[in-house]
> 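What follows is a structure written as structure tokens; I'll ask about it next.
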Protein chains: 2
Amino acid sequence: MNASSKSERTRLSAENWEDAALVLIAEQGVGALAVEALARRLGVTKGSFYWHFRTREALLQAALERWEQYGEREVIAQIEAISDPRERLPELFRRVAHEVQPHRVYAALLKALDHPLVVPVMARVSQRRTEFLATAFREAGLPPAEALNRARLTYAAYVGFLQLNFTLGLPRISHEDFDAYVEHMIATLIPA
Amino acid sequence: MNASSKSERTRLSAENWEDAALVLIAEQGVGALAVEALARRLGVTKGSFYWHFRTREALLQAALERWEQYGEREVIAQIEAISDPRERLPELFRRVAHEVQPHRVYAALLKALDHPLVVPVMARVSQRRTEFLATAFREAGLPPAEALNRARLTYAAYVGFLQLNFTLGLPRISHEDFDAYVEHMIATLIPA
DNA sequence: TCGTTACCATACGCATGAGTATGGATTGGC
DNA sequence: GCCAATCCATACTCATGCGTATGGTAACGA
């Protein structure tokens with residue numbers, strides 16, 4: 001017995017460290033990812049960490065890969081969920097707008113675009129999502145060239161919104177106003 | 001005589017340090033703002049710095065204030081330059097799109113939203129610019145509520161574009177494609 | 001049950017960068 | 001030409017955070 005004060009006191013794996021790293025990144029940003037801080041959080045010490053990873057960068061790399069694959073499934077799920085191409089985009093907008101958690105890591109990584117490891121990951125993710133939006137806009141009736149530009153515009157609006165109203169705390173938009181904003185986006189960006 | 005190797009060897013003022021700080025921030029981000037590095041750049045040592053500023057944070061604060069006021073004039077100039085309300089927005093879009101330098105600091109600060117000193121500055125600047133856009137959209141014929149949301153959407157698209165195509169190096173859009181994108185933005189976001 | 005492997009603690013070394021102490025050089029008022 | 005500010009260099013201290021060395025303990029197969 002004698003389970004120590006911390007939670008359940010089970011042995012740790014590399015995946016545990018990666019998940020904890022992502023949580024910490026979401027909460028305090030990539031810059032706050034320090035091994036001793038993470039170790040404290042997990043109720044262990046550095047000694048544990050350096051058994052699982054060769055360096056701090058290695059952990060970040062692994063955590064980013066993990067996030068990229070995990071986030072892939074999330075987007076794919078959003079795609080397949082809606083059958084009618086006409087309703088896909090409005091529904092996607094509304095669903096994405098009313099989630100919070102999945103955006104936290106993405107927003108944190110946007111603030112870490114100085115770091116060489118996160119740039120390629122963000123480039124791939126953003127690229128794929130933009131391309132997905134482009135096909136959706138084509139299916140909604142826009143000609144290819146226009147669809148691509150509309151996708152760029154839409155995804156840029158998403159990214160910018162994260163920065164302005166999420167990371168930054170602009171005049172705390174109310175819940176009703178936010179819904180109105182989302183509907184305005186739909187009316188403006190999605191062809192009738 | 002005997003002008004030393006470095007440029008002109010004149011004495012430095014606090015403003016010199018602030019300007020140099022902004023240049024460094026634009027080039028390498030807020031995180032790279034270190035006093036010894038800056039000193040090397042200016043051809044002096046720390047000893048000089050700590051005569052002008054009490055701390056590193058004090059320099060950052062002063063540099064941000066300087067940038068905020070300087071950037072104010074820039075936006076105001078864009079406003080007054082265009083007389084016809086009908087043509088104001090398209091012209092603003094095109095002009096902003098074809099500048100580069102003024103966006104560098106803003107983009108760098110977007111990546112430093114973790115830092116407590118930059119958050120209020122960015123909040124004020126973004127707020128003012130959004131409000132300016134809102135009045136422009138009202139003058140362009142949109143009802144107030146709609147104008148505000150359109151302004152939010154537009155400014156978010158601007159911020160997101162900076163991140164995706166500036167900071168991040170998404171598939172290097174060509175010059176013609178970029179112009180087409182800007183025109184697409186105009187057609188989509190500005191009421192006819 | 002015994003030893004080997006997997007996991008973790010403790011105690012270091014070491015680099016970086018902020019801030020301090022103090023003395024030297026340069027400038028402008030008189 | 002001299003004195004007092006002003007500006008800067010040199011040489012430290014000190015905290016932080018990465019990485020290492022090494023020994024201890026828990027799990028697990030034979």
Side-chain angles (χ1 to χ4, degrees), chain A residues 1-25 27-64 108 112 114-118, chain B residues 1-25 27-64 108 112 114-118:
Chain A
M1 293 298 137
N2 194 345
S4 84
S5 51
K6 302 276 170 173
S7 54
E8 293 306 317
R9 216 64 192 79
T10 169
R11 241 73 181 286
L12 297 178
S13 70
E15 286 76 24
N16 295 135
W17 284 94
E18 296 167 13
D19 288 337
L22 287 174
V23 171
L24 207 165
I25 287 172
E27 288 176 5
Q28 309 184 32
V30 175
L33 184 62
V35 332
E36 306 202 53
L38 242 197
R40 264 193 300 280
R41 217 169 233 246
L42 290 169
V44 293
T45 66
K46 303 163 58 135
S48 169
F49 176 85
Y50 284 99
W51 193 90
H52 295 284
F53 297 92
R54 227 174 48 76
T55 168
R56 191 206 100 126
E57 298 280 279
L59 168 66
L60 179 55
Q61 176 111 39
L64 289 176
D114 334 53
H115 202 295
L117 281 180
V118 327
Chain B
M1 292 300 134
N2 193 343
S4 85
S5 52
K6 302 278 172 172
S7 53
E8 293 308 315
R9 216 62 192 85
T10 169
R11 240 83 175 282
L12 297 179
S13 69
E15 286 76 24
N16 295 135
W17 285 94
E18 295 168 14
D19 288 337
L22 287 175
V23 172
L24 207 164
I25 288 173
E27 288 178 7
Q28 310 186 30
V30 175
L33 183 61
V35 333
E36 291 185 295
L38 242 196
R40 262 191 302 279
R41 216 170 234 246
L42 290 170
V44 293
T45 66
K46 304 163 56 140
S48 169
F49 176 85
Y50 284 101
W51 192 90
H52 295 285
F53 297 93
R54 230 174 47 74
T55 167
R56 192 205 100 126
E57 298 281 278
L59 168 66
L60 179 55
Q61 176 111 40
L64 289 176
D114 337 51
H115 197 114
L117 281 181
V118 327

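For the numbers below, each heavy atom of this structure counts, side chains included, while hydrogens, waters and symmetry mates do not.
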> Near DNA chain C, under 4.0 Å by heavy atom, which residues of residues 49-60 of chain B?
B:Y50, B:T55, B:R56
> Could I get the full list of side-chain hydrogen bond (donor to acceptor under 3.5 Å, both in side chains) partners for B:Q28, not counting sequence neighbours?
none
> Please enumerate all protein N or O atoms sitting under 3.5 Å from an N or O of nucleotides 22-29 of chain D, with distances to 0.1 Å.
none

> Produce the list of close N/O pairs, under 3.5 Å, pairing protein atoms with atoms of nucleotides 13-16 of chain C; give distances to one decimal.
none

> In whole angstroms, how far is the C1' atom of C:dA18 from the CG atom of B:L38?
14 Å
> Report yes if the side chains of A:L24 and A:L38 come closer than 4.5 Å at any heavy-atom pair, otherwise no.
yes
> How many Å lie between CD on B:E36 and C1' on D:dC12, as a whole number?
12 Å
> Provide the closest heavy-atom pair for A:A108 versus A:G29 in the form atom of the first, atom of the second, distance.
CB-CA, 4.4 Å
> For a quick test of your reading: what N or O donor-acceptor pairs under 3.5 Å do the side chains of residues 46-56 of chain A make, sequence neighbours left out?
| unit_1 | atom_1 | unit_2 | atom_2 | d |
| --- | --- | --- | --- | --- |
| A:H52 | NE2 | A:L12 | O | 3.4 |
| A:T55 | OG1 | A:E57 | N | 3.4 |
| A:R56 | NH1 | A:L33 | O | 2.6 |

> With nearest nucleotide decided by heavy atoms, which residue, A:G47 or B:L33, maps closer to the 5′ end of DNA chain C?
A:G47
> For the pair made of CD in A:E15 and P in C:dC7, what is the distance, rounded to whole Å?
11 Å
> Find the distance between CG (B:L59) and CH2 (B:W17) and round it off to the nearest 0.5 Å.
8.0 Å
> I need the CZ-P distance between A:R41 and D:dG17, as an integer number of Å.
15 Å
> Is the backbone N or O of A:N16 less than 3.5 Å from a side-chain atom of A:D19, with the two atoms forming a donor-acceptor pair by type?
no
> B:L12 CG to C:dT26 P: how many Å, rounded?
15 Å
> How close do A:V30 and A:A112 get, counting heavy atoms only, and between which atoms?
CG2-CB, 3.5 Å
> Any non-hydrogen side-chain atom of B:L60 less than 4.5 Å from a side-chain atom of B:I25?
yes
> Axis-to-axis angle across the helix from C:dT1-D:dA30 to C:dG29-D:dC2, five pairs an end, to 10 degrees?
0°
